[in-house]
J.: 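Following this message is one structure expressed as structure tokens.
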Amino acid sequence: MVASMMQTVILQMCVLPMYGEMKDRSPGRFANVVGCSFTILFVICASFAVLGYMIFGPAVKSNVLLSLPASFSGNLARLFAGASVMGVYPLILKSMIATFHPPGYGGERNVHVGTGAIVAGVLLTSLCLSDLGKLNIINGAMSTGVFVAVVPFLVGSHLLDRVRESFFLRIALISLLIFGLLGSALAIFLDDNYDEKLITACVWKTSS
């Protein structure tokens, strides 16, 4: 479940392109935007989790869209979910192709080729993998290992002089790397949501 949550909140790779396009940007203003955005995201995710548990209970499928009824309202919810994916996908894609056209350089051909390759890869993956819940766990676990552990460790080790000069900061970075990779590995193998234990331990009553 932690891996699934990480799939939602790990957005570090999108930060630099977003900051680059921000009007009158400054670190302080961007920090305010991030804080406000994550507050709203917390409310949305918490509300979705609570309502989903109360309505569907532990019998909910890994892809909650499959638990929705085959009615007009259920199909409408699936349609809106698809629309939200179409809105989010360009933000993720833009961060992936940002290095193909650094400021002051051309590289439009590289952008088009890279975009086509990424979209084709996603298409082929979607044709082979049908369990969205398992896919989210794998994505979340990989994101935890890469964006929470490996990338901060490499950036801190090679780009920040004060890290190289401080023994305690080096230990902190190494600890971050170890625990991040450990959490990533555990998330792949411990992929159960322990719904049977949740039924007996949770005081909330569900519909199923």
Side-chain angles (χ1 to χ4, degrees), residues 2-49 80-122 125 135-136 138-166 168-181 183-184 187:
V2 173
S4 297
M5 190 63 188
M6 291 300 100
Q7 169 72 2
T8 304
V9 301
I10 291 180
L11 300 171
Q12 288 93 324
M13 60 283 190
C14 301
V15 167
L16 293 180
M18 289 180 177
Y19 183 79
E21 295 185 358
M22 184 179 184
K23 184 178 180 181
D24 298 328
R25 59 182 178 270
S26 69
R29 293 189 63 190
F30 191 76
N32 292 335
V33 172
V34 172
C36 179
S37 301
F38 269 82
T39 300
I40 296 174
L41 182 62
F42 170 79
V43 173
I44 293 175
C45 290
S47 301
F48 190 86
F80 281 122
S84 68
V85 171
M86 294 175 62
V88 172
Y89 187 79
L91 298 177
I92 306 298
L93 178 62
K94 190 164 188 177
S95 65
M96 300 173 70
I97 63 174
T99 56
F100 293 159
H101 55 95
Y105 296 89
E108 288 300 322
R109 180 175 179 274
N110 293 337
V111 173
H112 297 323
V113 173
T115 300
I118 293 171
V119 172
V122 172
T125 302
L135 183 62
N136 282 338
I138 295 175
N139 284 340
M142 293 177 62
S143 297
T144 301
V146 174
F147 297 111
V148 175
V150 175
V151 172
F153 173 79
L154 294 177
V155 171
S157 299
H158 296 281
L159 298 182
L160 298 179
D161 293 333
R162 65 177 182 271
V163 172
R164 291 193 291 266
E165 298 171 357
S166 172
F168 295 104
L169 288 180
R170 290 200 302 271
I171 293 299
L173 272 182
I174 294 174
S175 300
L176 175 65
L177 178 66
I178 294 175
F179 285 108
L181 292 178
S184 177

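We're numbering straight along the sequence, starting at 1.
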J.: Run the side chain to side chain contact (heavy atoms under 4.5 Å, CB included) test against Val88 and tell me which residues pass, sequence neighbours left out.
T.: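 Once residues adjacent in sequence are excluded, the partners of Val88 under the side chain to side chain contact (heavy atoms under 4.5 Å, CB included) criterion are Ile92.
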
J.: Would you say the side-chain atoms of Ser157 pair up with the backbone N or O of Leu154, donor to acceptor, closer than 3.5 Å?
T.: no

J.: What closest approach, in Å, do Ala149 and Pro152 show between heavy atoms, and which atom pair accounts for it?
T.: O-CD, 3.6 Å

J.: If you measure from OG on Ser143 to CD1 on Ile138, what distance do you get to the nearest 0.5 Å?
T.: 11.5 Å

J.: To the nearest 0.5 angstrom, please state how far the OG1 atom of Thr115 sits from the CG atom of Leu93.
T.: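 Rounded to the nearest 0.5 Å, the OG1-CG separation comes out at 5.0 Å.
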
J.: What I'd like to find out is whether the side chain of Val119 reaches to under 4.5 Å of the side chain of Tyr89, using heavy atoms alone.
T.: yes

J.: Roughly how far apart are Ile44 CD1 and Leu41 CG, rounded to 0.5 Å?
T.: 6.5 Å

J.: Quick check for you: to the nearest 0.5 Å, what is the distance between Cys45 atom SG and Phe38 atom CZ?
T.: 9.5 Å

J.: Could you work out, with side chain to side chain contact (heavy atoms under 4.5 Å, CB included) as the rule, every residue matching Met18, not counting sequence neighbours?
T.: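 Side chain to side chain contact (heavy atoms under 4.5 Å, CB included) list for Met18, sorted by chain: Cys14, Phe30, Leu91.
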
J.: Excluding sequence neighbours, so at least two apart, what forms side chain to side chain contact (heavy atoms under 4.5 Å, CB included) with Phe179?
T.: Ser175

J.: Give me the atom names and distance for the closest heavy-atom approach of Arg29 to Lys23.
T.: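 Minimum heavy-atom separation between Arg29 and Lys23: NH1-O, 3.3 Å.
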
J.: So, taking the atom named CG in Leu181 and the one named CG in Leu176, what distance separates them when rounded to the nearest 0.5 Å?
T.: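 Here the rounded value is 9.0 Å.
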
